[in-house]
Amino acid sequence: MRFDRSDGVFCHVTSLPGAYGIGDLGEGAREFLSFLGDADVDHWQICPIGPTLSVAGESPYQSPSAFAGNPLFVDPDGLVADGWLDEEDLKPVPDFPTDRVDYDAVREYKLPLLRTAFDRFEERAGEADRAALDAFVDDEPWLADYALFRALSDARPEDVWTEWPAPLRTRDPEALAAAREDHAREGRFREFVQWTFDRQWRDLRAVAADEGVSIVGDVPIYVALDSADVWANPEAFRLDEGNRPTAVAGVPPNAGDSGQRWGNPLYDWERLAESGYDWWLDRFRRLFDLADVARLDHFLGFVKYWAIPEDSDDPADGEWREGPGRDLFETVERELGGVPFIAEDLGFEEPAMDELMAEFGFPGMRVPQYADWCAEGNEYQPIHYPEGVVGYTSTHDTDTWAGYFGDLPERQRDCFRYNVGSEPDEPSEWAIIDEVWASEAILAVTTVQDLLGLGSDARFNEPGTLAGNWEWRVSRDALDDAVADRLWELAGDHVR
């Protein structure tokens, strides 16, 4: 699919304002979409919206499901409107911080509310509501296994599923049937939460559409080992007879580093091809039920991927293997049509990847924080962006622009100002936003942090670290009319 020239703002759901300790699908999200509408912004980009776990540092890229929604995003006020909670159930609301997410405090407050809502549903729901929940379960083939997986995980919190007893680990039918019966209520609770999330998300997506805003979702190429995805679909992954990984994902050593061992299980692309890529088609169908555009994380992995033996801790022991390439995306195009993808192609030079992106019209990414501002013709300077890319001022994995700029050597700062024609007293964040919007990039995207000129203390994620990530939040008052007006003017100058 070919994109129209347009613009966007990145702000993950967790970062939205709201009364209950974390951004959710309620009033704060609707106000944010109203801000985007006033600014005439075309896209709202987010991270993956699946459940997160404290043991994984709350990373949305290490979720127990590639299909489920995050229960912490459920809006308690929506449960009151549904009749499953009373206003008094919400009180007292803890004195949550407004500038960051305290995930433990949010769980302590929100999860009991979800269980109370489920109890009320079981007590009060009429035939229509029960039928709607049943229909949702029937329509989402991933849900029954996800609900059972979470129930079993809660029953054995000390173990990942690869350490479960063999009958459950290898999905013996009798063991699964007994487990579904033993954990029937907990499974039903998980289904209720996903049904509630789904309805609230679809209502929010309708608000986005009314504001003229499309949602850009995110597809991590790999899924977490300790996930319903791997447990329920072992045939899609390279596992041994006991359903344990034989090799894991990572990247090879480069000059100046020793590589990375990510630890995610690898796909069995040959068996997936034989099945017509059913698991991936189901994943994309679910994604495009919830979003309008998808960013494909680590796009190189669809072309070739680094496989590290599971029993090795050294990334250098890995080897390159061939990915599915065009065969996968021809199948997607045939089954789903020309769905819009953005390819995350940062950090690797691979002609076969570039050819695949060009063949299917997937724009890549350019981030000016990788630029050498004193080098003529540097590809990360926005003035040199080609049309077929998405230009970002920052991403969820980089420092904020102000944080980055504050750490630049003085000569690089001078070269930057010369390149973009800005004065020393002009805020550099608006200079780079204007430069990205003025570039030839088909999409221009900035972050809320860059709109507000925030420094490194507002950074969202620092790769390779666990503590302190995914916590930053924006206040209700920060995104005011002046910011919206300035974005609106940029769109008029460069996008419309």
Side-chain angles (χ1 to χ4, degrees), residues 1-13 15-16 32-33 35-37 39-48 208 211-219 291-297 299 340-346 357 362-371 379-404 420 428-454 458-461 472 474 479 483-484 486-496:
M1 174 177 174
R2 305 292 172 177
F3 287 83
D4 294 326
R5 186 166 170 79
S6 51
D7 61 0
V9 172
F10 170 85
C11 184
H12 191 39
V13 178
S15 297
L16 297 172
F32 177 69
L33 286 169
F35 163 81
L36 295 183
D40 201 22
V41 168
D42 301 300
H43 304 288
W44 171 28
Q45 183 169 338
I46 55 177
C47 290
E211 295 287 356
V213 176
S214 72
I215 297 175
V216 181
D218 201 317
V219 181
D292 304 287
V293 181
R295 188 191 81 114
L296 298 175
D297 193 46
F299 188 78
F341 289 117
I342 295 168
E344 188 276 294
D345 60 340
L346 298 170
M357 291 163 56
F362 301 161
M365 292 174 55
R366 293 291 187 276
V367 181
Q369 293 190 29
Y370 301 146
E379 65 176 325
Y380 289 106
Q381 296 174 9
I383 195 173
H384 300 299
Y385 289 174
E387 180 181 344
V389 300
V390 182
Y392 290 83
T393 60
S394 303
T395 75
H396 67 273
D397 276 342
T398 70
D399 202 346
T400 66
W401 175 265
Y404 154 83
V420 305
S428 67
E429 62 272 12
W430 278 102
I432 192 60
I433 291 171
D434 186 76
E435 193 74 3
V436 171
W437 258 243
S439 74
E440 293 297 315
I442 195 70
L443 274 71
V445 181
T446 190
T447 67
V448 167
Q449 291 96 318
D450 289 351
L451 287 176
L452 302 178
L454 301 179
R459 181 170 183 162
F460 198 43
N461 178 53
W472 180 82
V474 65
L479 297 173
V483 178
R486 192 156 186 180
L487 267 178
W488 186 89
E489 291 172 1
L490 273 181
D493 290 341
H494 303 301
V495 177
R496 297 190 199 101

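Sequence positions, counted from 1, serve as the residue numbers for this chain. Keep in mind it's a predicted model, so treat the numbers as computed, not measured.
Here the side chain of Arg366 pairs no donor or acceptor atom with the backbone of Leu346 at under 3.5 angstrom. A distance-only check finds no donor-acceptor pair linking the side chain of Gln449 to the backbone of Thr400 [under 3.5 Å]. For Arg459 (side chain) and His396 (main-chain N/O), no donor-acceptor pair under 3.5 Å exists by modelled atom type.
In this structure, Gly217 and Ala291 approach most closely via the heavy-atom pair N-CB, 3.8 Å. Here the shortest heavy-atom pairing between Ala491 and Asp40 reads CB-O, 4.4 Å.
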Check the pair Thr395 / Glu344 against side chain to side chain contact (heavy atoms under 4.5 Å, CB included), numbers first and verdict last.
CA-CA 11 Å; Thr395 75; Glu344 188 276 294; over 6 Å; no

Apply the test side chain to side chain contact (heavy atoms under 4.5 Å, CB included) to residues Tyr370 and Thr398: give CA-CA distance (whole Å), side-chain angles for both, the deciding distance (0.1 Å), then the verdict.
CA-CA 10 Å; Tyr370 301 146; Thr398 70; 4.0 Å; yes

Take Val448 and Trp472 through the side chain to side chain contact (heavy atoms under 4.5 Å, CB included) test and state the conclusion after the steps.
CA-CA 11 Å; Val448 167; Trp472 180 82; 3.6 Å; yes

Output, in order, the C-alpha distance, side-chain angles, deciding distance and verdict of side chain to side chain contact (heavy atoms under 4.5 Å, CB included) for Ile342 and Phe3.
CA-CA 10 Å; Ile342 295 168; Phe3 287 83; 4.1 Å; yes

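Residues Ser394 and Tyr404 are not in side-chain contact: their nearest non-hydrogen atoms beyond the backbone lie 4.5 Å or more apart. Counting heavy atoms from C-beta outward, Val436 and Thr446 have side chains that stay 4.5 Å or more apart.
Residue Trp430 places its CH2 atom among more than 12 non-hydrogen atoms of other residues, nucleotides or ligands, all under 6.0 Å distant. No more than 12 heavy-atom neighbours from other residues, nucleotides or ligands sit within 6.0 angstrom of CD on Glu440.
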Do any side-chain atoms of residues 383-392 form donor-acceptor pairs under 3.5 angstrom with protein atoms, and if so which ones, sequence neighbours left out?
from: His384; atom 1: NE2; to: Gly377; atom 2: N; distance (Å): 3.4
from: Tyr385; atom 1: OH; to: Tyr380; atom 2: O; distance (Å): 3.1
from: Tyr392; atom 1: OH; to: Gln45; atom 2: OE1; distance (Å): 2.9
from: Tyr392; atom 1: OH; to: Gln45; atom 2: NE2; distance (Å): 3.4

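In this view, Ser15 satisfies the side chain to side chain donor-acceptor pair (under 3.5 Å) rule with no residue, not counting sequence neighbours. Among residues two or more places apart in sequence or in another chain, the salt bridge (charged side-chain N to carboxylate O under 4.0 Å, His left out) test is passed with Asp399 by none. When the side chain to side chain contact (heavy atoms under 4.5 Å, CB included) test is applied to Asp42, the partners found at least two apart in sequence or on another chain are Ser6, Asp7, Val495. For the salt bridge (charged side-chain N to carboxylate O under 4.0 Å, His left out) test, no residue two or more places apart in sequence or in another chain qualifies with Asp434. For Ala294, the side chain to side chain contact (heavy atoms under 4.5 Å, CB included) partners two or more places apart in sequence, or in a different chain, are Val219, Leu287, Phe288, Phe341.
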